[in-house]
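In what follows, every chain begins at residue 1, and chains take the letters A, B, ... in the order their sequences are listed. What you are looking at is a predicted structure, and each value in this text was computed from that prediction instead of being measured.
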Number of protein chains: 2
Amino acid sequence: MQLDRIVNFHKTIGDKTRIQIIALLKDGALHGQAIAGKLGLTPPTISYHITKLREIDVIYQRRDKNTIYFHLNEKKLELLAQAIIKIGGEKELDSFKVDDEEKFKVIKNFLDANGNLKSIPAQRKKKLIILEHLVKGLEKGRTYSEKEINEHIKQFHDDYATIRREFIICQFMFRQNGEYELNPKEMWLI
Amino acid sequence: MQLDRIVNFHKTIGDKTRIQIIALLKDGALHGQAIAGKLGLTPPTISYHITKLREIDVIYQRRDKNTIYFHLNEKKLELLAQAIIKIGGEKELDSFKVDDEEKFKVIKNFLDANGNLKSIPAQRKKKLIILEHLVKGLEKGRTYSEKEINEHIKQFHDDYATIRREFIICQFMFRQNGEYELNPKEMWLI
DNA sequence: CATCTAATTAGATTATAATCTAATTAGATG
DNA sequence: CATCTAATTAGATTATAATCTAATTAGATG
């Protein structure tokens, strides 16, 4: 979905009167004067808001005699509401989605029998799998000193400086005033 | 969730710059000047928008030295985005959710051996089950003349006028310039 | 086709919001 | 503690939006 469509949806829906109209129409169609009455506004004001809601396609109408009934298009509403959740992100992530079997193979190849890291993978995908593995022993939500991180990494590899840096670059951890902490976003569900 | 919270969420998110910030932060945290650079705006403008986004709780921050990194709270974003879908409606609907066994019993009680309706249930819940049953033979999406509807109802009961009116009142059908049509919302999933 | 009903449009008013430049503040560091 | 960096706030400007009253339009009906 294109950006402007999403912006417009939220701009339109970001108004108390219009959300009230949506809530009213969830219980069934109503005509303009009924809405005006329930909300304590004049018919022209309702016309104005209905036009905006129709522009983003969440309202349609049926006429019966002189009265026009406005209906909510719940399907559309739902679709548009969820668009913001899906926007951006995913840039290249998909191509990095990886199943457990593949992870297992990479870990087996790069660790020796004692669990020591033989080398740091050059290929990004493999590197991420290894970093995820190395980070597993750390506790979520607590902060670590740089020294503690170094000690942790040394269990696997001597070059703790490089790996510590990779933790930050690849966003497995973040640093805050010299303290280290696991990224709580668990976004590396590669 | 209370109305104002939802209004405010959409009002805040209904701005091109702010949606762009959200999209940027999906790929990981950034600091203010980086965002300003990418969007071609000045740092004060970014501050202004970040404040708004923080107010609705979709952004949090971590400082490292002089630089403050802004992070997206995707969980919150998702939660808030979906609130509009759940607002209102459901008024009493839940209490009318009914399983097939119950439907079967009601239909058995109110129809005779030939499938004729013995009487129109007074209890709303039972009435809805019966109306749903009566409406089953009609085709979705096509329009019927009043006469056709009457004929259809007469298969079950003589008092077609009352039942036709109930179809409209209970929103199984709607009327448009004297034509009748099934409500496409299939909202009577009682 | 005159008249009624309900909706819409026009035009004005007032409130709200986005952006900038310039000034200030918060925190880190030699 | 002086200085640097990055963020924030103040104040002004300009654009946008919500609402009303009065006028107009669309469609139905005797």
Side-chain angles (χ1 to χ4, degrees), chain A residues 3-4 7-22 24-25 29-56 59-71 145-146 174-180, chain B residues 3-4 7-22 24-25 29-56 59-71 145-146 174-180:
Chain A
L3 183 59
D4 282 335
V7 173
N8 224 280
F9 167 73
H10 291 285
K11 204 187 288 274
T12 299
I13 228 83
D15 174 88
K16 190 162 182 171
T17 306
R18 290 193 285 264
I19 288 197
Q20 286 177 313
I21 292 174
I22 287 173
L24 283 176
L25 297 186
L30 289 172
H31 58 277
Q33 311 216 322
I35 299 172
K38 279 176 196 280
L39 298 184
L41 294 168
T42 60
T45 303
I46 302 305
S47 261
Y48 169 76
H49 291 297
I50 290 284
T51 301
K52 296 237 162 202
L53 289 168
R54 203 172 21 219
E55 270 164 18
I56 59 167
I59 277 192
Y60 60 95
Q61 51 189 253
R62 309 273 183 181
R63 174 183 276 264
D64 184 48
K65 315 231 167 117
N66 278 320
T67 309
I68 296 175
Y69 288 89
F70 300 102
H71 297 250
S145 67
E146 185 162 306
F174 56 84
R175 183 179 45 203
Q176 179 167 216
N177 294 323
E179 297 260 275
Y180 290 76
Chain B
L3 183 59
D4 282 337
V7 173
N8 224 280
F9 168 73
H10 291 286
K11 204 188 287 277
T12 300
I13 230 82
D15 175 271
K16 190 163 182 169
T17 305
R18 291 194 285 263
I19 288 197
Q20 285 177 313
I21 292 174
I22 287 174
L24 283 175
L25 297 186
L30 289 172
H31 58 275
Q33 312 217 320
I35 299 172
K38 280 178 195 277
L39 298 184
L41 294 168
T42 61
T45 303
I46 303 304
S47 262
Y48 169 76
H49 290 298
I50 289 285
T51 302
K52 296 236 161 204
L53 289 168
R54 203 173 20 222
E55 271 165 18
I56 60 166
I59 277 192
Y60 60 95
Q61 53 191 250
R62 308 273 183 183
R63 174 182 278 264
D64 184 48
K65 313 226 167 123
N66 278 321
T67 309
I68 296 175
Y69 288 89
F70 300 103
H71 297 251
S145 67
E146 187 164 306
F174 55 83
R175 183 179 45 202
Q176 180 168 214
N177 292 321
E179 297 260 275
Y180 289 75

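Of the inter-residue distances, the one linking A/Ile22 atom CD1 with A/Phe70 atom CZ reads 14.0 Å to the nearest 0.5 angstrom. A distance of 8.0 Å separates CD of B/Gln33 from OG1 of B/Thr67, quoted to the nearest 0.5 Å. Distance check, rounded to the nearest 0.5 Å: OH of A/Tyr69 to CD1 of A/Ile35 gives 11.0 Å. For the atom pair B/Ile59 CD1 and B/Leu25 CG, the distance stands at 5.0 Å (nearest 0.5 Å). In this structure, B/Ile13 CD1 and B/Asn8 CG are separated by 10.5 Å, a value rounded to the nearest 0.5 Å.
Remark: C1' of D/dA26 and CD1 of A/Ile68 are 8 Å apart, rounded to the nearest angstrom.
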Determine which bases of DNA chain C form Watson-Crick or G-U wobble pairs with both distances under 3.5 Å, and write the result as a 5' to 3' dot-bracket string with | for other-strand partners.
-> ||||||||||||||||||||||||||||||
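Between A/His71 and A/Tyr60, the ring planes are parallel. Angles under 30° get that label, and only those over 60° would be called perpendicular.
Using a 4.0 Å heavy-atom cutoff across all strands shown, B/Ser47 reaches at least one base atom of the nucleic acid.
B/Lys11 has no carboxylate O lying under 4.0 Å from a charged side-chain N of A/Asp15, or vice versa, which leaves the two without a salt bridge.
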A correct 5'-to-3' footprint of nucleotides 13-25 of chain C, with B, S and - meaning base, sugar-phosphate only and no protein heavy atom under 4.0 Å, is ----SBBBBB---
List the atom pairs, donor and acceptor, that lie under 3.5 Å between side-chain atoms in residues 43-56 of chain B and the rest of the protein, sequence neighbours left out.
{"unit_1": "B/Thr45", "atom_1": "OG1", "unit_2": "B/Thr42", "atom_2": "OG1", "d": "3.1"}
{"unit_1": "B/His49", "atom_1": "ND1", "unit_2": "B/Arg18", "atom_2": "NH1", "d": "3.0"}
{"unit_1": "B/Thr51", "atom_1": "OG1", "unit_2": "B/Ser47", "atom_2": "O", "d": "2.8"}

